[in-house]
Amino acid sequence: MSRIKYFSVILFALAIFVACKKRDTFVDNSFFDKTFKWTITVPDDYEKVNLKEKGEIKGDTTLVKTTHSIVAFKRNKENYFSANYEDFSGDARSLDLKMKLKDFLLLKDIGKIYPKGQLGGYSTGVENVSGLDFRKSQITITEEGKTVATILIFSRTFNDKIFVASVVYENEDYGKAMADLFVQSTFKK
């Protein structure tokens, strides 16, 4: 009898440990990430990409599978959103360089999907999301003079982490809608 109680207590403790360790939740159409206290609402016509399985965008898994993936969802194979973070320690000068480097590393991954693509344009600015300033980069990919894809990258530091939200799209309307979803999301302070 005491063995059953002992194993019950162990099992109960393990269940609590696993439940408390859960980093984020996706309930109905709202996603909440505990690390950044971030909530984003995703419409019904978007599909959540399961990061534990093979998250595939146009045949490539590198765009949604990073070491610290948070969430990814897509409208279809050509239009998707992903968020991740990276640990960071450094000063303000190295931060700007690190964020530019992240822009171009994502561009390298996009090159696997659009092998004939060329850099059509690159611009940076600031976007306010939930009262916080995010660095916003826009990169266009062209083939034979026509824009085939656009990448929007929103990034900022939170203590010792760089949060990165990426919107990759071929359809301008879908891209704007996904960017708006991020801009309307909330971070609790």
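By the neighbour-count criterion of 12 heavy atoms within 6.0 Å, atom CD of E143 is densely surrounded, having more than that number from other residues, nucleotides or ligands.
Ring centers of Y169 and F81: at least 6.0 Å apart, outside the cut-off. Aromatic pair Y80/Y46: centroids not less than 6.0 angstrom apart.
At least one side-chain heavy atom of V49 sits under 4.5 Å from a side-chain heavy atom of K74. Contact of the N128 side chain with the F134 side chain is not registered, since no non-hydrogen atoms from C-beta on lie closer than 4.5 Å. Within the 4.5 Å cutoff, no side-chain heavy atoms of E78 are placed close to those of N171. Between T39 and F31, every side-chain heavy-atom pair lies at or beyond the 4.5 Å cut-off. Side-chain contact between N84 and F163 is absent, with no heavy-atom pair separated by less than 4.5 Å. Taking 4.5 Å as the limit, every side-chain heavy atom of L95 sits out of range of all side-chain heavy atoms of L97. Between T140 and Y122 the shortest side-chain heavy-atom distance does not fall below 4.5 Å. V168 is not listed as a side-chain neighbour of N79, based on a closest heavy-atom distance of 4.5 Å or more.
A pairwise comparison of heavy atoms in L181 and P43 identifies CD1-CD, 3.6 Å as the closest pair. In terms of heavy-atom proximity, T41 sits nearest to S30 at OG1-OG, 3.5 Å.
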Next on the checklist: As a quick check of understanding, evaluate side chain to side chain contact (heavy atoms under 4.5 Å, CB included) for V129 and F187, giving each step before the final call.
Outcome noted: CA-CA 8 Å; V129 178; F187 290 85; 3.9 Å; yes

Checklist entry - Passes side chain to side chain contact (heavy atoms under 4.5 Å, CB included), K161 versus T35? Steps please. => result CA-CA 10 Å; K161 294 174 180 31; T35 303; 3.9 Å; yes

Item to check | Verdict with reasoning, E127 to V183, per side chain to side chain contact (heavy atoms under 4.5 Å, CB included) | outcome: CA-CA 8 Å; E127 183 81 41; V183 171; 3.8 Å; yes

Which atom pairs, one a donor and one an acceptor, fall under 3.5 Å between side chains of residues 144-159 and the rest of the protein, sequence neighbours left out?
{"residue": "R156", "atom": "NH1", "partner": "D133", "partner atom": "O", "Å": "3.0"}

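Residues meeting the ring pair (Phe, Tyr, Trp, His ring centres under 6.0 Å) test with Y174, sequence neighbours left out: none. Applying the salt bridge (charged side-chain N to carboxylate O under 4.0 Å, His left out) criterion to D160, with sequence neighbours excluded, gives no partner residue. Every residue two or more places apart in sequence or in another chain that forms a salt bridge (charged side-chain N to carboxylate O under 4.0 Å, His left out) with K98 is listed here: E86. With sequence neighbours left out, the ring pair (Phe, Tyr, Trp, His ring centres under 6.0 Å) criterion links F88 to no other residue. For S94, the side chain to side chain donor-acceptor pair (under 3.5 Å) test picks out D91, with sequence neighbours left out. For D96, the side chain to side chain donor-acceptor pair (under 3.5 Å) partners are K100, not counting sequence neighbours. Evaluation of the side chain to side chain donor-acceptor pair (under 3.5 Å) rule for S137 yields D103, R135 as partners, not counting sequence neighbours.
To the nearest 0.5 Å, atom OG of residue S166 and atom CE of residue M178 are 11.0 Å apart. Annotation: the span from I40 atom CD1 to D33 atom CG amounts to 11.0 Å, rounded to 0.5 Å. Taken from NZ in K77 to CD1 in I113, the straight-line distance is 11.0 Å, to the nearest 0.5 Å.
Below 30°, between 30° and 60°, or above 60°: for Y85 and H68 the angle between ring planes is below 30°, a parallel geometry.
Note on residues 176-185: pairs passing side-chain hydrogen bond (donor to acceptor under 3.5 Å, both in side chains), not counting sequence neighbours, are W38-S185, K176-D180. Among pairs with a residue in residues 36-47, those fulfilling salt bridge (charged side-chain N to carboxylate O under 4.0 Å, His left out) read D45-R75, at least two apart in sequence or across chains.
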